[in-house]
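The figures that follow rest on heavy atoms only: side chains count, while hydrogens, waters and symmetry mates do not. So that the names make sense, note that chain A is the first sequence line, chain B the second, and so on, each numbered from 1.
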Protein chains: 2
Amino acid sequence: MSEIAVGPPDALRSDARRNRERLVEAAGELLALGGIDVSVAEIAARAGVGKGTVFRHYAAKDDLVADVVCAVLERLLAQGRELQMSLTGTDALREFVAEAIQLQANDRAFCEVVAGASVDNVRVSRAIEDFNVLVRDLTNTAVKAGDIRPDVTGADISLLISGIYQTAAPRAATQPELWRRYFVLFWDGLLPVHASPLPVPPAVGVDQF
Amino acid sequence: MSEIAVGPPDALRSDARRNRERLVEAAGELLALGGIDVSVAEIAARAGVGKGTVFRHYAAKDDLVADVVCAVLERLLAQGRELQMSLTGTDALREFVAEAIQLQANDRAFCEVVAGASVDNVRVSRAIEDFNVLVRDLTNTAVKAGDIRPDVTGADISLLISGIYQTAAPRAATQPELWRRYFVLFWDGLLPVHASPLPVPPAVGVDQF
DNA sequence: TCCTAACCTGACCATTCGGTCCGTTTAAGG
DNA sequence: CCTTAAACGGACCGAATGGTCAGGTTAGGA
């Protein structure tokens with residue numbers, strides 16, 4: 001058959017593709033450094049592109065942000081699934097949590113999204129859901145292995161991943177590794193050795209972290 | 001002597017004083033509910049006052065915010081000093097930390113300031129300094145009593161007061177008491193029973209939390 | 001009652017931001 | 001080349017916000 005009208009969906013002109021790549025790269029750098037509130041104008045300028053071009057490639061700013069943040073999140077998820085295979089018991093969970101917190105330290109936009117900043121985009125919501133599922137699985141495994149107090153849930157860990165970093169965040173500029181301190185401090189509290197009964201039921205809801 | 005020209009510094013006209021009170025009250029409510037980003041226009045409207053009146057009483061928005069936040073902070077400090085008198089060992093510290101976190105749950109502006117939001121006002125910086133000093137004293141007492149692992153400092157606790165609430169914050173709307181869960185979880189990790197060595201030196205700096 | 005300084009008000013200003021639009025440029029097939 | 005649809009760019013728009021100011025209002029002493 002001759003080629004039907006439907007055509008290839010991603011037939012971008014060469015300059016368009018190049019600009020899009022530059023855009024994503026620039027956005028990645030600026031968002032990591034300055035967080036979700038960097039202006040579209042800044043990103044466009046850094047990409048060496050007009051502001052109008054941004055909106056030719058993305059219907060709204062949040063869609064560009066989503067592209068960047070989702071890429072980061074998916075890379076993290078891939079790492080997490082590898083850890084899930086290669087490590088046992090609580091080790092996979094602990095390593096993954098550390099990975100996720102480290103990432104927040106390196107990427108302010110990711111950090112904000114993880115902390116609940118609203119990005120109006122379906123892909124982001126879905127990626128976060130996947131994240132929560134992975135955390136839940138890792139947590140359940142660790143609990144079943146008896147390495148983690150049984151009254152802690154995946155939802156708790158999801159929140160703590162963000163919270164531990166937030167704890168150290170005010171000092172991030174001068175002590176970028178401070179989060180490790182609170183990571184250990186918190187982890188000690190998870191051990192089944194003592195386990196005071198936890199008040200209030202576990203966190204619920206998977207809509208955001 | 002007849003009254004000298006220097007005059008009383010706070011001789012506000014009756015309407016001015018009344019408006020100022022209304023302003024502080026309205027700001028208190030709105031800031032607690034909506035955080036630091038509520039607009040001056042909103043506050044003025046709620047106080048039943050023109051926007052210009054706000055800037056007659058405060059040179060900048062941050063000065064109004066400072067007035068409100070400082071009042072909250074100073075009330076908390078007073079409570080803390082009472083606890084310091086009435087309770088022993090780690091009890092005073094634990095109760096004060098709980099008080100401070102509860103306050104964040106009830107007042108979003110306070111919460112943001114505690115988490116490091118910049119309010120360009122000297123009084124706020126000073127109040128935060130006082131706060132840090134109190135926390136340090138309470139912590140030192142608890143450590144000396146042997147109730148708290150000795151490698152934890154007041155600066156750590158200051159950060160954790162904010163961090164514990166931040167952990168639960170994404171769920172605050174539906175589970176306002178969730179922070180208690182992470183409070184206990186974290187407190188368990190402070191007990192000297194296990195005490196894995198903490199990596200990275202303690203938090204430093206008292207400029208913000 | 002009258003006068004005036006203190007006070008109040010809301011229209012106005014400057015800035016910033018996301019997003020639109022249209023005249024211009026350019027890739028790339030024929 | 002030449003044509004044309006795709007892509008570009010930046011002036012422009014509307015909304016929001018902190019802050020200003022000229023002109024009207026009022027408290028309160030004389």
Side-chain angles (χ1 to χ4, degrees), chain A residues 2-3 5-24 26-27 30-31 34-69 109 112 117-121 124, chain B residues 2-3 5-27 30-31 34-69 109 112 117-121:
Chain A
S2 60
E3 50 182 30
V6 177
D10 46 357
L12 283 180
R13 227 169 69 175
S14 64
D15 54 346
R17 189 157 28 85
R18 197 190 47 213
N19 280 337
R20 191 182 185 112
E21 281 164 13
R22 284 184 185 170
L23 217 41
V24 170
L30 288 182
L31 287 171
I36 274 183
D37 284 335
V38 288
S39 70
V40 172
E42 263 179 292
I43 295 174
R46 170 120 181 188
V49 143
K51 201 169 60 154
T53 301
V54 176
F55 293 100
R56 159 162 288 266
H57 289 277
Y58 298 94
K61 180 190 175 184
D62 273 1
D63 295 323
L64 169 55
V65 173
D67 238 30
V68 171
V69 169
E112 289 168 0
S118 72
V119 173
D120 180 27
N121 183 285
V124 172
Chain B
S2 60
E3 49 183 28
V6 177
D10 47 356
L12 283 180
R13 227 169 66 174
S14 63
D15 55 344
R17 188 156 29 86
R18 198 190 46 216
N19 280 337
R20 191 183 184 112
E21 280 164 13
R22 284 184 184 169
L23 216 43
V24 170
E25 191 187 334
L30 288 181
L31 287 172
I36 275 183
D37 283 336
V38 289
S39 69
V40 173
E42 263 180 290
I43 295 174
R46 170 121 181 187
V49 144
K51 201 169 61 154
T53 302
V54 176
F55 293 99
R56 160 163 286 268
H57 289 277
Y58 298 94
K61 180 190 174 184
D62 273 2
D63 295 324
L64 169 55
V65 173
D67 238 30
V68 172
V69 169
E112 289 168 1
S118 72
V119 174
D120 180 26
N121 181 286

Item checked: By side chain to side chain contact (heavy atoms under 4.5 Å, CB included) - contacts of Asp15(B) (at least two apart) -> Arg13(B), Arg18(B)

Note to self: Just to verify, what does Ala41(A) make a side chain to side chain contact (heavy atoms under 4.5 Å, CB included) with, not counting sequence neighbours?
What the structure shows: Ser39(A), Lys51(A)

Next item on the list: Name all residues meeting the salt bridge (charged side-chain N to carboxylate O under 4.0 Å, His left out) criterion together with Arg46(B); count only those two or more places apart in sequence or in a different chain, and write none if there are none.
Entry: Glu29(B)

Check: Just the endpoints, please: which first and last nucleotides of DNA chain C, 5' to 3', lie under 4.0 Å from a heavy atom of chain B?
Finding: dA5(C) to dG10(C)

Notebook entry, point to check: Among all residues two or more places apart in sequence or in another chain, which pass the side chain to side chain contact (heavy atoms under 4.5 Å, CB included) test with Arg56(A)?
Noted result: none

Check: In residues 42-57 of chain A, what residues come within less than 4.0 Å of DNA chain C, judged by heavy atoms?
Finding: Lys51(A), Phe55(A)

Next item on the list: Answer yes or no: is there a donor N or O on one side and an acceptor on the other, between the side chain of Glu112(B) and the main chain of Ile36(B), under 3.5 Å?
Entry: yes

Next item on the list: List in chain and number order the residues that pass side chain to side chain contact (heavy atoms under 4.5 Å, CB included) with Asp37(B), two or more places apart in sequence or in another chain; answer none if no residue qualifies.
Entry: none

Item checked: Toward the 5' end of DNA chain D, by each residue's nearest nucleotide, Asp15(B) or Asp37(B) -> Asp37(B)

Notebook entry, point to check: Side-chain contact, heavy-atom cut-off 4.5 Å: Val119(B) with Val69(B)?
Noted result: no

Check: How far apart are the closest heavy atoms of His57(A) and Leu23(A), and which atoms are they?
Finding: CD2-CD2, 4.3 Å

Check: What pairs with Asn121(A) under side chain to side chain donor-acceptor pair (under 3.5 Å), at least two apart in sequence or on another chain?
Finding: Asp63(A)

Check: Taking the side chain as C-beta and beyond, is there a heavy-atom pair between Tyr58(B) and Val65(B) under 4.5 Å?
Finding: no

Note to self: Reading DNA chain D in the 5' to 3' direction, which nucleotide is the first one with an atom under 4.0 Å from a heavy atom of chain A, and which is the last?
What the structure shows: dA5(D) to dG10(D)

Notebook entry, point to check: More 5' along DNA chain D: Arg17(B) or Ser39(B), using each one's nearest nucleotide?
Noted result: Ser39(B)

Next item on the list: Would you mind classifying the nucleic acid contact of Ala60(A) as base, sugar-phosphate or nothing, using non-hydrogen atoms under 4.0 angstrom?
Entry: sugar-phosphate

